[in-house]
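Chain identifiers are assigned alphabetically (A, B, ...) following the order of the sequence lines, protein sequences preceding nucleic acid strands; residue numbering begins at 1 within each chain.
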Number of protein chains: 2
Amino acid sequence: MDMTPAKATLTREDWSAAALAALERHGLAAVAVEPIAKSLGATKGSFYWHFAGRDDLIAAALDQWERRDTDGVIATVDHAAEGADRLRLLLRLVLQAVVGAPGAGSIELALQPHADHPMVAPVLARVTERRMSTLESLFTDQGLSRSDARDRARLTYAAYLGHAQLAHATPGQLPKGKAYAAYVDRIVETLTP
Amino acid sequence: MDMTPAKATLTREDWSAAALAALERHGLAAVAVEPIAKSLGATKGSFYWHFAGRDDLIAAALDQWERRDTDGVIATVDHAAEGADRLRLLLRLVLQAVVGAPGAGSIELALQPHADHPMVAPVLARVTERRMSTLESLFTDQGLSRSDARDRARLTYAAYLGHAQLAHATPGQLPKGKAYAAYVDRIVETLTP
DNA sequence: GAATATCCGTACGGTAGCGTATGGACATGA
DNA sequence: TCATGTCCATACGCTACCGTACGGATATTC
């Protein structure tokens, strides 16, 4: 569960990183002060010096996720070639990440039972809108109208979310190894104009 | 929250139905004995007469969902015409249910943070496999090879899951009313051969 | 080298939920 | 009518977690 064998002095970022990890693995309920303190080799005394309370920690974890997510998408898109192949490469990368990186797309899933939570809903809305806009402009770059591009972005993003869910909950339903790469290629062909 | 203004004597089914509703709305953590007792106008004394403990209640709720889901899919597929239109009609129905019926596809989402829970994982696996098989055979009916049909089923089911997630967490991202029906039609055209 | 700020551990009270024990209300049958 | 079975409320102890109070340790500054 915990990896860092204690640390001299903890920062606010250490706490929110641990909180984000707990959120990713076991949901919002796992963002609990005392268990996370234990995982950091500390006690609540430390926590309440850095944070006002549990809500403050949740907000910090969500904020950290939103930043990480934004940076990640931007880096991915930049990394993804030029012109027409940009969209295809992006799709391949994120669909690979879903089965490769442990917990890509897991935060969204962990947040689902609390999608109407006043702290969660705005973050979820911003992240989704940002990703949808990115996809939409990639589709308009391919010559689609704005309306068609939005629809395509919706379907594509839904497919991404669904694959994340399958990879997370029922990984046996997805092909393994090289077969998965071939499967992704077929998906990309179906989804791109 | 609760609707039935108390009841003379409660049955095991009353409890598991209330548990399923709580699960659907607020996740597995909300499947808690005392809050549900309160929502039924009863106390724990009643609960522990019908159930061995909380795990027993969770199992009953999951079982109820699995049965309801199976019956629902079968009824839907039967309802869905004959031949080539069968697949298209099914897709239209489930994609409409995602935004129409309150909480279609919500249980899967609520269960995501506990996908590795020893009671949850087998149910999730069975439900997913059953749906995937249904889709696969509908695609083979359309002339696709078994392998192509499986791939198509994966993409289609992922799209369904993703739309359920969008409808649940960020409903603003989906078209409303009649525009949604048109959107669904475009999706179905893209996904069917 | 003493004062101050930074960081954290310990101890405490409070709440929510789980599970058990026990008795009581009500019906049903002998 | 009394005995038995069914269904449930109340009361209790237990655990996990939240938040506060307070004091101690270490570093930093003058």
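- Regarding His26(B), its NE2 atom lies at a distance of 17 Å from the C1' atom of dA16(C), rounded to whole Å.
- Listed nucleotides: dC8(C), dC8(D), dC18(D). Nearest to the side chain of Leu10(A): dC8(C).
- Atom CZ in Arg12(A) sits roughly 13 Å away from atom P in dC7(C) (whole-Å rounding).
- For Glu66(A) and Arg130(A), the salt-bridge test passes: some basic side-chain N is under 4.0 Å from an acidic carboxylate O.
- In this structure, Thr9(B) reaches the dC8(D) phosphate: one of its side-chain N or O atoms is under 4.0 Å from OP1 or OP2.
- Taking the side chain of Glu34(A) as heavy atoms from C-beta on, and the options dC17(D), dG9(C), dA9(D), the nearest nucleotide is dC17(D).
- One can place CD of Glu13(B) at 12 Å from P of dC7(D), the figure rounded to the nearest angstrom.
- Here Tyr183(A) and His163(A) bring their ring centres to under 6.0 angstrom of each other.
- Distance from the side chain of His50(A) is smallest to dC8(C) among dC8(D), dC18(C), dC8(C).
- For NZ of Lys178(B), the number of neighbouring non-hydrogen atoms (other residues, nucleotides, ligands) closer than 6.0 Å is 12 at most.
- Across Leu124(B) and Thr170(A), no two heavy atoms sit closer than the pair O-CG2, 3.9 Å.
- With rounding to whole Å, Lys38(B) atom NZ is found 13 Å from dA9(D) atom P.
- Base engagement by Tyr48(B) is indicated by at least one non-hydrogen atom pair under 4.0 Å involving a base atom.
- Sequence order on DNA chain D of the closest nucleotides to Thr43(B) and Asp55(A) puts Thr43(B) first from the 5' end.
- Here the P atom of nucleotide dT20(C) and the CG atom of Asp56(B) are 12 Å apart, to the nearest Å.
- Of the two residues near DNA chain D, Val31(A) and Gly45(A), the one whose nearest nucleotide lies more 5' is Val31(A).
- The side chain of Trp49(A) lies closest to dC8(C), out of dC8(C), dC18(D), dC18(C).
- dC18(D) atom C1' lies 16 Å from atom CZ of Phe51(A), rounded to whole Å.
- In this structure, the nucleotide among dC17(D), dA9(D), dC18(C) sitting nearest to the side chain of Pro35(A) is dC17(D).
- The interatomic distance linking Leu40(A) (CG) with dC8(C) (P) rounds to 10 Å, in whole Å.
- Nearest to the side-chain atoms of Ala32(A) among the listed nucleotides dC17(D), dG9(C), dA9(D) stands dC17(D).
- One can place CZ of Phe47(B) at 8 Å from P of dC18(C), the figure rounded to the nearest angstrom.
- Electrostatic pairing of Arg12(A) and Asp56(A) counts as a salt bridge here, judged by a charged N lying under 4.0 Å from a carboxylate O.
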